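So the structure is just underneath, and the comments pick up after that.
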Amino acid sequence: MIKAENICKDYGNTRALDNVSFGIRNGEVIGFLGQNGAGKTTLMRIMTTYLPATSGRILVDGVDIARDTMMMRRKVGYLPETPPLYMNMTVHDYLEFAARLKDVPENQIRKRIDRVCYECSLDDVRNKIIGKLSKGYKQRVGIAQAIINEPSILILDEPTSGLDPIQVQQVRKLIKNIEMQRTVILSTHILSEIEQMAERVFIIKEGRIVKDALLEELLKEYESLEKAFLAIVGYQPHG
Amino acid sequence: MDKIVAIARKETTVNLKSPVSYILMCLAIIVFNIFFFIIIDENREATLRDMFTLMEFLFVFIIPLLTMKTVAHENETGTMEFLKTTPTTNTAIVAGKYLGVVIYFTTMLALTFPYYVIIEVFANPDRMAIFAGYFGIWLEGLFFLAIGVMTSVWTKSQVLAAMSSYILILALYFAKVGTKYLQGVPHDILSFLSVMGHSESFFQGLLTSSDIMYFISGTLFCLTIARLSTENRIWK
């Protein structure tokens, strides 16, 4: 169970998050939907403990993540918007490095690498240099590092950003496969992505959660997610 | 400790696969070799004292090139976000990065060891003076590397990281020159800070606890600042 209580984040005089509160049950797949700059990435970074909140707190299973950052980091798998890859390393070396940093027991590292390579369809490229892979493969390597410690919470920031349509489908299929039995938090501004993958949606506008609803309810109320999003963020097309 | 080793190992693996690392290492050794033969030919003495002085000067310029990438590159490419969202402490990140460049630097220094072998074969050198010199130049290198890692933490730009570490290392290196123009406490402070004042005794074969402590405490100070800066991320 993840519970956020009145999270605020300021960058100088700019308030990026303003009193954000929510609760996420174990196993839920949540979509963070919002325009660029709405505060999705900031919220995710706070949840991964990469950034501290200016005020407020996030509790995971009752424990404040700011007080026990290592506990949260052990539970979380995180894919930032730009996959955090070392271009000179091979896929295998990188995943081994990630496994060591994420406290995967020494005797399980090889097994875990085999498993994530299989799950993310990386078997053909595991000995290749990451810098020479296509964007789609790089994204899969980023997802593989995020799940190598078998996290109970998976946070994915714009996982299909910059991919071509086929790569987008491949990555979405991969995420659908790995989201079983995990809490998944997915950030995107692509509406179809949320429709295909999320069961609950947080619409974020100017640092606030302006709507927290089940996808099903939104679709019932507004016919489509696009209409729901535009109505909720208050977008008025001209002409 | 496992994570420090994992990060250092990753740094070494990346260095082993990077042509730039080999080129820098080769260039440094070629320059050292040329000066070794010039110095031996000129002095006709079975000592490496002048060689150590020259290496010290060249390390002022080489070490920022080794360290500029260590953390600045992670800040630039976003991989720092990966490191900092794994259960790895900031201390382990800084220590691992530092150990990675120490391994590279120590390898570079070890490649100059044949100079001692050559002198040993053809003459009867003061071995203790040579070993003290090697120890001194290694300690001084560790200090310079710590300065380089510290400045690399401060920025996303490798160029800025290198420039800031050049400024700091050159200031410490040439501090002795400034002592001529000062008196009293400022003179004493500048004399204490000057690296040349502390390295000379090693090159003469003298091991003094104050000189050893100078380099060790300087190294620890810079690594502590680096660790604190990693936490407070002033490049944001």
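Chain letters run A, B, ... following the sequence lines, proteins first and then strands; every chain starts at 1. Small disclaimer: the values here were computed from a predicted structure and weren't measured.
Between Phe202(B) and Tyr134(B), the gap from one ring centroid to the other reaches at least 6.0 Å. Note: Tyr214(B) and Phe192(B) meet the aromatic proximity criterion, with ring centroids under 6.0 Å apart. Here Tyr115(B) and Phe32(B) keep their ring centres 6.0 angstrom or further from each other.
Contact of Asn149(A) with chain B is not made at all, since no heavy-atom distance falls under 4.5 Å. Using a 4.5 Å cut-off between heavy atoms, Ala146(A) makes no contact with chain B at all. At a 4.5 Å heavy-atom cutoff, the contact between Thr88(B) and chain A is made by backbone and side-chain atoms alike. Only the side chain of Gln145(A) has a heavy atom closer than 4.5 Å to any heavy atom of chain B. Only the side chain of Glu96(A) comes within less than 4.5 Å of a heavy atom in chain B; its backbone stays farther off. Residue Leu79(A) does not touch chain B at all, counting heavy-atom pairs closer than 4.5 Å.
Under the 6.0 Å distance and 45° angle rule, Lys10(B) counts as a cation-pi partner of Tyr86(A).
For chain A, the option among Thr13(B), Leu83(B), Asp2(B), Thr77(B) with the highest count of heavy-atom pairs below 4.5 Å is Leu83(B). Between chain B and the options Gly77(A), Gly142(A), Pro80(A), heavy-atom pairs under 4.5 Å are most frequent for Pro80(A). Ranked by non-hydrogen atom pairs under 4.5 Å with chain A, the options Ala92(B), Gly96(B), Ala6(B) are led by Ala6(B).
Using a distance-only test at 3.5 Å, with no hydrogens or angles considered, a donor-acceptor pair links the side chain of Arg112(A) to the main chain of Ile148(A). A distance-only check finds a donor-acceptor pair linking the side chain of Ser152(B) to the backbone of Ala72(B) [under 3.5 Å].
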| Could you walk me through whether Lys111(A) and Asp114(A) pass the salt bridge (Lys or Arg N to Asp or Glu O under 4.0 Å) check? | CA-CA 5 Å; Lys111(A) 208 169 77 183; Asp114(A) 289 345; over 6 Å; no
